[in-house]
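Remember, it's a predicted structure, so these values are computed and weren't measured experimentally. One-based numbering along the sequence shown. We use all heavy atoms of the structure for the numbers below, so side chains are in, but hydrogens, waters and symmetry mates are not.
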Amino acid sequence: MWSRFLLLRYHNPKLKVLAACKEVLNRDDSKWWRDLILNDFKEEDLVDGFTDWVKCEFKKGNNILFWHSRWLGDQTLRVSFPHLFDRTNNKLCAVGDLINWNNGVFSWNLEAIFGRDMLISPAPNSSISTLLGMGSVFDEELRDLKMLLEGVEPGISATDEFHWNLTSTGDFTVSSVSHFVSSAKDLAWPIPTIKLLDVIWKTTIPAKIKIFSWRFLINRLPLKVQLANRGVSSFTSIDCPFCTNHPESLDHLFYQCHVSNAVWNRIFIWLGNDVNLSIEEFKSFGCIQEKVKNINIKAKLNSIWMALIWCLWYMRNTIIFDNATFSFDEVISNIIFFSWRWVSNREAPSRITFYDWYKLPLFCTNTL
C-alpha cells in the first residue's frame with residue numbers, strides 16, 4: 001500500500017531521488033519531497049552530493065535514470081556526453097524507457113531521446129548541420145555512446161540494485177556520511193573557520209539564524225555581486241541598498257558601509273565601557289572567541305553579534321523586496337530585542353528582564 005502511494009504521488013521516487021536536478025519537481029509534489037530533492041541540488045562550486053555516491057547496477061533499468069545515474073562507468077552519461085545531453089528532448093528518461101523487446105531480443109531505442117531526425121547525421125558543413133548545431137563533436141559522442149551501449153544487456157526479471165560507494169559493503173550507513181562530511185569540511189574551510197562554525201551550531205538561537213550565520217561566515221549569502229558574477233542576478237542595480245553608492249559585497253554591506261558602521265558603533269556603545277574589546281574586535285566573531293574569557297559574557301556577545309548581522313540582513317531584504325526605507329531605530333531595537341530573547345531563553349525557566357538587559361546587557365543576571 002505504501003509503495004503504491006509513493007508511486008501515485010511521486011511517480012517513481014527512486015528515479016526522482018537519483019536525479020539531483022530541479023526539473024523532476026512539479027506543483028503536485030509535497031513540500032517535504034521538494035526539500036528532499038533540492039537538498040541535493042548542487043551549484044558548480046560545491047562538493048559531491050548524495051547521488052554522486054550511489055552506484056547503480058543495471059538490470060531492467062526502470063529505476064535508473066539514463067543521463068543522471070551512475071550506471072555506466074564512474075561518471076554519469078550527462079557528464080560523459082555533454083553535447084548529446086544538451087540536444088536530447090528527454091533528459092529525465094529511465095534506462096528501461098529506451099529498451100525495445102522483440103521476441104526475447106532487445107535493442108536500444110535512441111530515437112526516444114534524440115528523435116529520428118537527429119540520428120540521421122548530416123554532413124558537417126551542411127546547412128542542416130549548422131541549423132541544428134551538430135557537427136563532428138555530436139557525431140563522435142553519438143558513436144561513442146552507441147559503442148558503449150553495445151556491451152550492455154538488461155536482465156529480463158532481475159531488479160536494479162544500488163550500492164553506496166562510501167562503504168566497503170555497498171550498504172548505506174549514517175556513519176559513512178558523517179565521516180565524509182567531516183572530511184569534506186576539513187578540506188573546504190581552514191581550521192579556524194571550522195571552530196567558529198562549531199560555536200554557531202552550539203548556540204541556543206533559532207535554527208534559521210544558525211544557518212544564516214553559518215552562511216555568513218563562509219561567505220555564501222546571496223549578495224548582489226556574487227549573484228551577478230554567476231549570471232543569476234535579476235536586480236536592476238548591484239549597489240548596496242543602504243548607501244546606494246557601492247557594489248553590495250559581504251564586506252561592504254556588513255562592515256564598510258557607513259550605515260552599517262553606525263549600527264555597529266551604536267551597539268558597541270550600548271554594551272558599555274566594561275567590555276574589553278575594541279570596536280574592530282567586536283565586529284570579528286573570531287576575536288570574541290579569543291579575547292573574551294568569561295563564558296557567560298561570551299555567550300551574550302555571541303547572541304548580540306548574530307542578532308546584529310541578522311537584523312542588518314533583514315532590513316536589507318525589506319528594502320529590496322518591500323521597497324521600504326532604512327530605519328536606524330528599528331534595526332537597533334530589533335537587535336536588542338532578539339538578543340535579549342535568545343539570551344533569556346538560554347537557561348529557562350530563569351529569565352533576564354528586558355529592562356535589565358537594556359540597561360546592562362553583559363552583566364545583568366538571571367532572575368526568577
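Residues Glu57 and Lys55 are not paired through a salt bridge, judged by the lack of any N-O separation under 4.0 Å between the basic side chain and the carboxylate.
The two residues Ser260 and Leu312 come nearest to each other via the heavy atoms CB-CD1, 4.0 Å. Contact record, Cys243 with Asn245: SG-OD1, 2.9 Å, taken as the closest heavy-atom pair. Contact detail for Leu149 and Trp108: the closest heavy-atom pair is O-NE1, 3.2 Å. Closest heavy-atom contact between Ser176 and Trp164: OG-NE1, 2.9 Å. Pairing each heavy atom of Trp270 with each of Pro361, the nearest pair is CZ2-CB, 3.4 Å. Looking at every heavy atom in both residues, Ala94 comes nearest to Gly61 through CB-O, 3.6 Å.
Residue-environment remark: OH (Tyr255) exceeds the threshold of 12 foreign heavy atoms within 6.0 Å. Atom CG of Asn276 sits in a sparse spot, with 12 or fewer heavy atoms from other residues, nucleotides or ligands closer than 6.0 Å. Residue-environment remark: CD (Glu153) stays at or below the threshold of 12 foreign heavy atoms within 6.0 Å. Phe321 CZ: more than 12 foreign heavy atoms inside a 6.0 Å radius. Crowding of Tyr358 atom OH: a count of heavy atoms from other residues, nucleotides or ligands under 6.0 Å not exceeding 12.
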Candidate pair Asp356 and Leu360, rule side chain to side chain contact (heavy atoms under 4.5 Å, CB included), full reasoning: CA-CA 6 Å; Asp356 290 337; Leu360 204 64; over 6 Å; no

Please evaluate residues Cys257 and His252 with respect to the criterion side chain to side chain contact (heavy atoms under 4.5 Å, CB included), reporting the C-alpha separation (whole Å), side-chain torsions for both, the decisive distance (0.1 Å), and the verdict. CA-CA 5 Å; Cys257 179; His252 174 80; 3.6 Å; yes

Can you list the steps and then say if Asp160 with Cys56 is a side chain to side chain contact (heavy atoms under 4.5 Å, CB included)? CA-CA 7 Å; Asp160 302 317; Cys56 305; over 6 Å; no

Residues Trp305, Phe216; criterion ring-ring contact (aromatic ring centres under 6.0 Å, His included); working and verdict: CA-CA 12 Å; Trp305 188 90; Phe216 178 94; 5.6 Å; yes

Could you go through the side chain to side chain contact (heavy atoms under 4.5 Å, CB included) check for Gln226 and Asn219 one step at a time? CA-CA 10 Å; Gln226 290 174 293; Asn219 196 13; 3.6 Å; yes

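Of the options Asn294, Val292, Asn296, a side-chain contact (heavy atoms from CB on, under 4.5 Å) to Leu301 is made by Val292 and by none of the others.
No side-chain heavy atom of Cys287 sits less than 4.5 Å from a side-chain heavy atom of Phe282. Contact check for Thr204 versus Trp342: no side-chain heavy atoms found under the 4.5 Å cut-off. A 4.5 Å side-chain heavy-atom check between Phe354 and Ile336 finds at least one atom pair inside the cut-off. Between Phe162 and Asn63, the closest side-chain pair of non-hydrogen atoms falls below 4.5 Å. Residues Phe285 and Val199 have side chains in contact (heavy-atom distance under 4.5 Å, counting atoms from C-beta outward). Between Glu248 and Asp239, the closest side-chain pair of non-hydrogen atoms is not below 4.5 Å.
Side chain of Ser284 to main chain of Glu280: no donor-acceptor pair is present (N/O by atom type, distance under 3.5 Å, no hydrogens or angles).
In this structure, the separation between CZ on Phe254 and CH2 on Trp313 is 6.0 Å, given to the nearest 0.5 Å. Expressed to the nearest 0.5 Å, how far CG of Asp144 lies from CG of Leu142 amounts to 9.0 Å. For the atom pair CG (Leu217) and CZ (Arg215), the distance works out to 12.5 Å, reported to the nearest 0.5 Å. To the nearest 0.5 Å, atoms CG (Asp97) and CG (Asn109) are separated by 10.0 Å. Note: Glu140 CD to Phe81 CZ = 11.5 Å, rounded to the nearest 0.5 Å.
Relative to the six-membered ring of Phe85, Lys91 meets both conditions, a distance below 6.0 Å and an angle of at most 45° to the axis.
The side-chain hydrogen bond (donor to acceptor under 3.5 Å, both in side chains) check on Ser249 picks up nothing, with sequence neighbours excluded.
Between the side chains of Asn302 and Lys202, no donor-acceptor pair of N or O atoms lies under 3.5 Å.
Using cut-offs of 30° and 60° for the angle between ring planes, the Trp67 and Phe114 rings count as perpendicular.
Outside the 6.0 Å centre-distance limit, the rings of Phe338 and Trp310 are not counted as a close aromatic pair.
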